Amino acid sequence: MKQSYHLGLIGFPVGHSRSPQMMKAAFEGMGLYGSTYQSLSIQREDLEKEWKVRLWEQWDGCNVTIPHKVAVLDLLDEIDETAKEIEAVNTIVNIDGKKIGYNTDGEGYLRSLEEELSLDITKQRVFIVGAGGAARAVATVLAKAGVTSITFYNRTTSKAEQLARHVSRWTDSQIVTQVDAWEAIQTSTLLVNTTSVGMAPNSECTPIPVQWLHDGLIVSDLIYNPRKTKLLTYAEEMGCQIHNGLGMLVHQAAIALKIWTGMDAPVVTMRDALEKSLKE
Ligand code: NAP
């Protein structure tokens, strides 16, 4: 086992990311002193050149964020089964020059949900707002975990249709538009916001009208900045159980660290570091 690792994050933009602070705390907790985690801002059109020229000179692995999660699929030597199913990669390991891609977002979400709420995942009728990359990871993992059904609602309906088709091999799935969304939510048990609507600095917005919520719902928001979005604030006032994106961020990173190092990551320490960095 190595004593230290050189890891990083690629995306554009990456300046806002709290992952470096969280990873620094993880390295200390794991005794991996001297390890580094560096954010590298790479524009979409520069990915291939950076990949060939300098990305892998020193790195043992990296995380991947917007807009490269799908584009890296064509550059990898091998892709793990879950990442193939999600059709996106957020973690890459470099083993003697061979780059292997994984996706830990969906599993990170599921672990966080199960850790923070006591719920029987197989009994959930899920309503997902959004149909982008995060929705794809979350929906795939929830569908494979055996939820009863998933309904998708997205600004661009064609993307919701595509995602509903994608998960239909594992669960009942359908899409709704604005006309029938309210009705579908009334029979749902878990509502997940996977859009960026409500994220700082636009934290006054909600991805759906809050009048659509009901007190029998668990409301989950992948956003972690602010920690309590407007959607979660209203949901809590209404008596719903709420869940934010912090745990997903911690757990997807912990799973990535296990892939890179083979070691269990200190999730409590990582979460504390993340909370602290969000307050700064
Ligand atoms: P993405 O692929 O760009 O997808 C964005 C989604 O948001 C799409 O469904 C898009 O709808 C919708 N959307 C964006 N602006 C909208 C608006 N003004 N009105 C209505 N819908 C809008 O991004 P992503 O990677 O899925 O990320 C989405 C969110 O998840 C972000 O807030 C991100 O921070 C969060 N996230 C959190 C974690 C975590 O660890 N907690 C991990 C990954 C992502 P269209 O399809 O119509 O464009």
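Whatever order the structure lists ligands and atoms in, that order sets their numbers, starting from 1. All of these numbers come straight from a predicted model, not from anything done at the bench.
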Item to check | ILVMFWY network linking I66 to I86, side-chain heavy atoms under 4.5 angstrom | outcome: no
Next on the checklist: Any salt bridge linking R227 with E275? Criterion: basic side-chain nitrogen under 4.0 Å from a carboxylate oxygen.
Outcome noted: yes
Please report, to 0.1 Å, the donor-acceptor pairs under 3.5 Å made by any side chain of residues 108-115, with sequence neighbours excluded.
unit_1	atom_1	unit_2	atom_2	d
Y109	OH	S220	OG	2.7
S112	OG	E116	OE2	3.1
S112	OG	H243	NE2	2.7
E115	OE1	H251	NE2	3.2
E115	OE2	H251	NE2	3.2

Checklist entry - Near ligand 1, which residues have a heavy atom under 4.0 Å away from one of its atoms? => result I66, G130, A131, G132, G133, A134, N154, R155, T156, K159, T194, T195, S196, V197, M199, L222, I223, Y224, G245, M248, L249
Under 3.5 Å, side-chain donor or acceptor atoms of residues 142-149 against the rest of the protein: list the pairs with distances, not counting sequence neighbours.
unit_1	atom_1	unit_2	atom_2	d
K144	NZ	E85	OE1	2.6
K144	NZ	E85	OE2	3.2
T148	OG1	T122	O	2.9

Checklist entry - Should K228 and D221 count as an ion pair when the cut-off is N to O under 4.0 Å? => result no
Checklist entry - Could you give all pairs that pass the salt bridge (Lys or Arg N to Asp or Glu O under 4.0 Å) test and reach residues 29-45, with sequence neighbours left out? => result none
